[in-house]
Protein chains: 2
Amino acid sequence: MEPFGRFSPVNDERLPMVKAASLADILYAKLEEEIISGVIPAGSKLPAQKDIAEREEVSRTVVREAVARLEAQGFAVARQGSGVYVSETAQYRAFQVTKEELSELSDVIKLLEMRQAIEAEMAGLAAARRTQADIAEMRAALRRMREVGDDPAASAQVDSEFHLAIARATQNDYFVRFIQFLGVRLVPPRSLYLRDQSEDVHHAYVGKVSDEHEALLEAIIRMDIEGARLAARLHMQESLIRHSELSDAIASGNDGSRPK
Amino acid sequence: MEPFGRFSPVNDERLPMVKAASLADILYAKLEEEIISGVIPAGSKLPAQKDIAEREEVSRTVVREAVARLEAQGFAVARQGSGVYVSETAQYRAFQVTKEELSELSDVIKLLEMRQAIEAEMAGLAAARRTQADIAEMRAALRRMREVGDDPAASAQVDSEFHLAIARATQNDYFVRFIQFLGVRLVPPRSLYLRDQSEDVHHAYVGKVSDEHEALLEAIIRMDIEGARLAARLHMQESLIRHSELSDAIASGNDGSRPK
DNA sequence: ATTTATCAGGTTGGCATACAACTTTGACAC
DNA sequence: GTGTCAAAGTTGTATGCCAACCTGATAAAT
């Protein structure tokens with residue numbers, strides 16, 4: 001049985017990150033667990049809300065709220081007059097990452113590793129399927145990258161646009177979604193960029209990233225599938241290293257805790 | 001605005017898969033739309049449940065249920081005594097796939113393509129990092145695969161166990177989660193397996209899958225990263241083809257009527 | 001002037017009850 | 001058997017009440 005970390009899915013950081021678990025939270029977790037583990041088999045009918053309320057010693061209001069959540073997550077469907085049925089395709093929960101996990105450096109690295117996997121394959125598919133429009137889009141992103149130059153926030157933005165363009169070139173929307181999903185989670189906080197970096201260090205950084213991007217784009221343009229995969233893997237590898245270095249830097253610089 | 005059609009209660013012989021929209025359903029959809037479109041900005045506080053109830057001319061019960069769903073989807077967080085707040089990151093919620101998407105064959109194929117990407121990279125990582133325990137687990141899965149033989153349901157189960165074992169061997173939990181997440185969505189419905197397949201057709205199918213699995217495991221054991229990637233890619237490619245064939249089969253077999 | 005305590009009003013969480021809308025079931029008539 | 005229909009069971013909605021909690025303002029203390 002796990003703690004209730006996952007119920008406040010997202011929120012701003014400065015407010016209490018763990019809200020107290022309500023009865024509905026607890027009941028939901030209980031039912032979810034029973035469904036996932038198979039104690040309540042797929043397709044079966046849940047006990048009547050009245051009975052659940054009695055058994056769990058809560059009011060029907062709480063049961064209804066828990067059921068509403070189950071429905072929202074796709075675990076169950078309620079049919080008026082009949083009952084609440086466990087979805088045939090239960091175990092339907094979405095792929096999600098909690099805030100707590102993202103605060104762990106090791107988790108961020110694991111997610112980056114996952115992104116590396118996706119990026120490599122995306123690059124291969126993009127190389128095979130890219131249209132002229134896709135190429136134009138990627139080129140435009142790289143051009144903007146040169147234009148924004150040393151502004152760290154802007155260059156991070158453009159960087160993600162470039163990767164999005166690659167995702168689109170796969171002609172598979174799910175890659176786009178996934179990159180968007182992971183993207184916002186893996187961008188190092190602005191504060192990292194803004195700390196005491198000398199101009200030329202940052203300049204060198206930008207240049208290196210640019211070279212990697214160019215190489216990747218070249219491979220995609222000449223439809224070199226293996227080459228694209230390699231270039232993407234390399235790029236993400238470097239990115240991972242850069243991220244680690246940044247993290248090490250703040251780890252030794254300050255503890256990164258925020259006063260409350 | 002969405003239809004949410006409520007029809008006159010006609011009774012077809014079969015159970016309607018679309019249940020009538022409840023007031024809570026409608027209100028949820030309304031709020032979700034307002035949040036996504038930005039009418040209700042991120043971070044802002046929703047009106048008090050009492051006020052929403054008045055404005056929408058429903059009871060607070062309905063409002064509470066709608067809010068519970070918003071919370072379950074990560075769109076909002078309710079704080080007792082204070083109010084309900086729209087998530088800052090509402091637009092970037094979890095990576096998820098709707099039921100409607102899964103009913104589209106083209107979407108299933110795109111997801112399989114995504115899974116192919118992940119599986120290939122997973123195999124590479126597994127080859128680099130697998131422990132003896134991991135190997136034992138994978139071997140056990142393949143052994144069970146031979147044992148269950150021709151039972152389609154059981155072999156599908158064991159198949160997913162094998163892939164899970166590979167995911168674990170990457171020593172990266174997110175791969176495990178992702179495979180679990182995608183897995184249940186991409187297993188062809190049992191009905192597909194049960195249709196008129198002659199014994200030997202199915203037997204040939206099992207044999208082929210087995211060979212592919214063996215090759216993949218061998219590569220992982222000898223820590224052949226590139227070989228593992230290749231074997232995995234091949235396996236998923238074959239799997240994709242098999243899936244397409246099955247789908248074609250039913251598409252021509254029954255009417256396969258599908259809206260849109 | 002600044003901090004601390006207190007209080008009043010507002011808001012969500014939970015409970016209880018009643019009824020409406022719908023489904024299922026089984027008895028009954030045919 | 002088959003069809004009808006009433007009764008029981010279940011979810012959906014409404015209403016009222018109170019508890020727990022948050023917020024901001026006011027008062028008190030330092």
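Note that the structure is predicted; figures quoted are calculated from it, not measured. To find a chain, count down the sequence lines: A is the first, B the second, and so on, and within it residues start at 1.
Remark: side-chain polar atoms of Ser82(A) are not paired, donor with acceptor, to backbone N or O of Arg79(A) under 3.5 angstrom.
Lys50(A) places its NZ atom 14 Å from the P atom of dA16(C), with the value rounded to the nearest Å. Rounded to an integer number of Å, the gap from Tyr85(A) OH to dT23(C) C1' is 8 Å. In this structure, Arg64(A) places its CZ atom 15 Å from C1' of dT15(D), rounding to the nearest Å. Spacing between atom CD1 of Ile26(A) and atom C1' of dG14(C) amounts to 13 Å, rounded to whole angstrom units. Here dT11(D) presents its P atom at 8 Å from CG of Leu46(A), a figure rounded to the nearest Å. Taking atom CD on Gln49(A) and atom C1' on dT17(C), their separation rounds to 15 Å, with Å as the unit. Between the CD atom of Glu65(A) and the P atom of dT11(D) there is a distance of 16 Å, rounded to whole Å. One atom, CZ of Arg79(B), and another, P of dG13(C), lie 11 Å apart when rounded to the nearest Å.
Here dT10(D) is the nucleotide among dG13(C), dT10(D), dT13(D) with the atom lying nearest to any side-chain atom of Ala48(A). The side chain of Ala24(B) lies closest to dT13(D), out of dT13(D), dG12(D), dT12(C). Candidate nucleotides dA14(D), dC22(C), dG13(C) were compared by shortest atom distance to the side chain of Gln80(B), and dG13(C) ranks first. Comparing dC15(C), dT23(D), dG12(D) by their closest approach to the side chain of Leu23(A) singles out dC15(C). Candidate nucleotides dG14(C), dC21(D), dG12(D) were compared by shortest atom distance to the side chain of Val62(A), and dG14(C) ranks first. Side-chain proximity of Thr61(A) to the nucleotides dC15(C), dT15(D), dG14(C) is greatest for dC15(C).
Counting any heavy atom pair closer than 4.0 Å across all strands shown, Val67(B) reaches no nucleic acid atom. Among the protein residues, Ser82(A) comes within range of the sugar-phosphate backbone only, with heavy atoms under 4.0 Å from sugar or phosphate atoms but none that close to a base.
A donor-acceptor contact under 3.5 Å links the side chain of Arg60(B) to the base of dG13(C).
Remark: of the listed residues Ile40(B), Val86(B), Leu46(B), Ile40(B) is the sole one forming a side-chain contact (heavy atoms from CB on, under 4.5 Å) with Glu34(B).
Taking the charged nitrogens against the carboxylate oxygens, Arg69(B) and Glu32(B) have no contact shorter than 4.0 Å, which rules out a salt bridge.
Taking the centre of each ring, Tyr85(A) and Phe75(A) stay at or above the 6.0 Å mark.
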Can Asn172(A) and Met122(A) be said to form a side-chain contact (heavy atoms from CB on, under 4.5 Å), step by step? CA-CA 9 Å; Asn172(A) 182 335; Met122(A) 269 187 2; over 6 Å; no
